[in-house]
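Below, chain A is the first sequence line, B the second, and so on; all start at residue 1.
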Number of protein chains: 2
Amino acid sequence: MTPRKAVEHELSRERILEVAREQFVQHGYRDVSMRGIAKELGYSPGSLYYHFREKADLFSAMTAEDFSQLDGLLEEAVSTSPNPGRDRLELIFLSFIRFGLENKRSFELMFLIQEPGLDCYTTQSKMGSYEKFFIAVNESLQVINNTDLAKNVELIWVLFLSLHGFVSFYIHSDQSFDDIAKLADLHIQLLLRGLM
Amino acid sequence: MTPRKAVEHELSRERILEVAREQFVQHGYRDVSMRGIAKELGYSPGSLYYHFREKADLFSAMTAEDFSQLDGLLEEAVSTSPNPGRDRLELIFLSFIRFGLENKRSFELMFLIQEPGLDCYTTQSKMGSYEKFFIAVNESLQVINNTDLAKNVELIWVLFLSLHGFVSFYIHSDQSFDDIAKLADLHIQLLLRGLM
DNA sequence: AGTTTTATTAAACACTGTTCAAATTGGGGG
DNA sequence: CCCCCAATTTGAACAGTGTTTAATAAAACT
């Protein structure tokens with residue numbers, strides 16, 4: 001009927017991402033359909049494919065924002081704590097866990113979702129985010145416990161996986177960060193003790 | 001045309017599970033369709049719904065077998081190591097990781113898949129499996145480091161999550177257990193040191 | 001033999017992501 | 001000022017999904 005709308009109402013990438021974010025955060029990746037997003041926008045399904053190659057593309061454009069938020073928190077943890085000792089390490093770990101539990105759906109979308117044809121979009125963001133984590137932790141680790149970097153590479157990776165395991169579980173519970181703050185601390189202390 | 005087959009060729013739960021397992025292990029939960037399973041069996045899609053309420057039901061009936069295999073390995077780890085010290089703990093952790101990496105698809109199906117309407121089937125199996133883990137670890141922990149059980153409850157849970165994080169990542173890589181055995185050991189040593 | 005139960009089928013329903021020819025609008029060049 | 005072209009949107013279509021259901025035939029029981 002109206003194959004093109006007035007230019008002032010034209011669809012923009014930003015507007016799509018806005019609505020998409022809302023729906024992805026509320027319902028997760030699988031239960032959001034391109035048709036649903038288009039409907040909410042008042043457009044037809046096909047129009048989305050003019051602005052994004054596919055669902056995975058639209059999705060990853062959205063999560064990129066979350067990754068940079070996490071990056072910011074890690075930088076903050078580093079700059080907040082004056083010297084790179086044990087306290088900073090504790091803060092980094094805690095920041096990671098807190099981010100996950102205060103943004104459960106985001107964390108799930110960033111790290112836990114894996115669909116065919118999504119990897120090629122999300123891998124870069126993930127690697128970038130881990131790099132931030134690595135650099136921050138490595139600096140502290142070399143001060144606390146002056147091992148060579150080669151050994152740290154593996155150690156930091158294992159630490160990351162451990163934190164990841166913790167967060168990944170509580171993502172799917174309905175407990176808040178505050179509810180499990182003590183447990184998070186126990187986890188962190190376990191790792192720190194193992195580090196010394 | 002032939003609304004019922006000769007009794008000697010009747011479809012059985014076991015036969016369905018056999019084919020389903022094959023397909024689920026090969027392609028994962030999402031990429032296996034009821035139509036595909038039925039086709040492989042030479043039956044129509046609807047017939048599966050006579051034997052199982054839904055896809056999730058069929059699926060969980062299949063994973064139940066994997067859970068009991070894991071249970072067996074944990075029991076073996078306990079009975080193999082003579083006394084419940086640090087060595088047994090190490091063996092328990094290693095057994096868990098090894099199981100995950102030598103049965104990647106199974107582990108994924110058991111722990112990592114979550115679909116709407118699947119939880120009600122899989123929760124019991126998961127809890128049962130964790131209970132085995134808990135009892136085994138608790139016994140060792142009380143010997144090594146005689147803390148009260150109340151404290152152990154949280155500690156063991158956190159250990160489980162940590163191991164889980166490690167395995168969950170490598171499930172999706174194409175590295176074998178042997179490839180990352182050294183890294184697994186590093187992870188385990190980190191946890192054990194934190195425990196002392 | 002007649003009746004009931006059990007197992008199976010095909011078709012249908014309501015979804016999904018994606019593609020594409022067609023159609024209309026807005027802007028730039030002549 | 002007008003025309004054409006490029007940009008943008010549409011709706012139908014395709015191939016797929018899990019699940020439901022009436023019909024149906026074989027088997028089991030009486």
Taking atom [atom2] of [N] as reference, at what distance in whole Å does atom [atom1] of [X] sit?
X      : N      : atom1 : atom2 : result
B:L118 : D:dG18 : CG    : C1'   : 13 Å
B:I16  : C:dT8  : CD1   : P     : 8 Å
B:F59  : D:dT17 : CZ    : C1'   : 17 Å
A:L11  : C:dT25 : CG    : P     : 17 Å
A:Y50  : C:dT25 : OH    : C1'   : 13 Å
B:L58  : D:dT19 : CG    : P     : 10 Å
B:E115 : D:dG18 : CD    : P     : 10 Å
A:H51  : D:dT10 : NE2   : C1'   : 13 Å

Flag side-chain contact, heavy atom, 4.5 Å: B:I37 against B:L58: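 Side chain of B:I37 against side chain of B:L58, heavy atoms only: contact under 4.5 Å found.
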With sequence neighbours left out, which residue pairs that include part of residues 53-62 of chain B fulfil the side chain to side chain donor-acceptor pair (under 3.5 Å) condition?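 Counting only pairs at least two positions apart or across chains, the side chain to side chain donor-acceptor pair (under 3.5 Å) contacts touching residues 53-62 of chain B are B:E54-B:Y121.
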Which residue pairs satisfy the side chain to side chain donor-acceptor pair (under 3.5 Å) criterion with at least one member in residues 22-32 of chain A, sequence neighbours excluded?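 Matches after skipping sequence neighbours: A:R30-A:E115.
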Between B:S47 and C:dT8, is there a contact of a side-chain N or O with OP1 or OP2 at under 4.0 Å?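 B:S47 to C:dT8 OP1/OP2: no side-chain N or O under 4.0 Å.
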After noting the C-alpha distance and the side-chain angles of B:K182 and A:E154, does the key distance pass the salt bridge (Lys or Arg N to Asp or Glu O under 4.0 Å) rule? CA-CA 10 Å; B:K182 280 177 65 179; A:E154 294 187 329; over 6 Å; no
Nucleotide by nucleotide, nucleotides 14-19 of chain C touches protein heavy atoms under 4.0 Å in the pattern (B base, S sugar-phosphate only, - none) --BBBB
In a check of ring pair (Phe, Tyr, Trp, His ring centres under 6.0 Å) between A:Y130 and each of A:F111, A:F160, A:F96, which one passes?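 It is A:F160, the one option of A:F111, A:F160, A:F96 that forms the ring pair (Phe, Tyr, Trp, His ring centres under 6.0 Å) with A:Y130.
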Is it true that A:D119 and A:K126 make a salt bridge, defined as a side-chain N closer than 4.0 Å to a carboxylate O?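 No, no charged N to carboxylate O under 4.0 Å.
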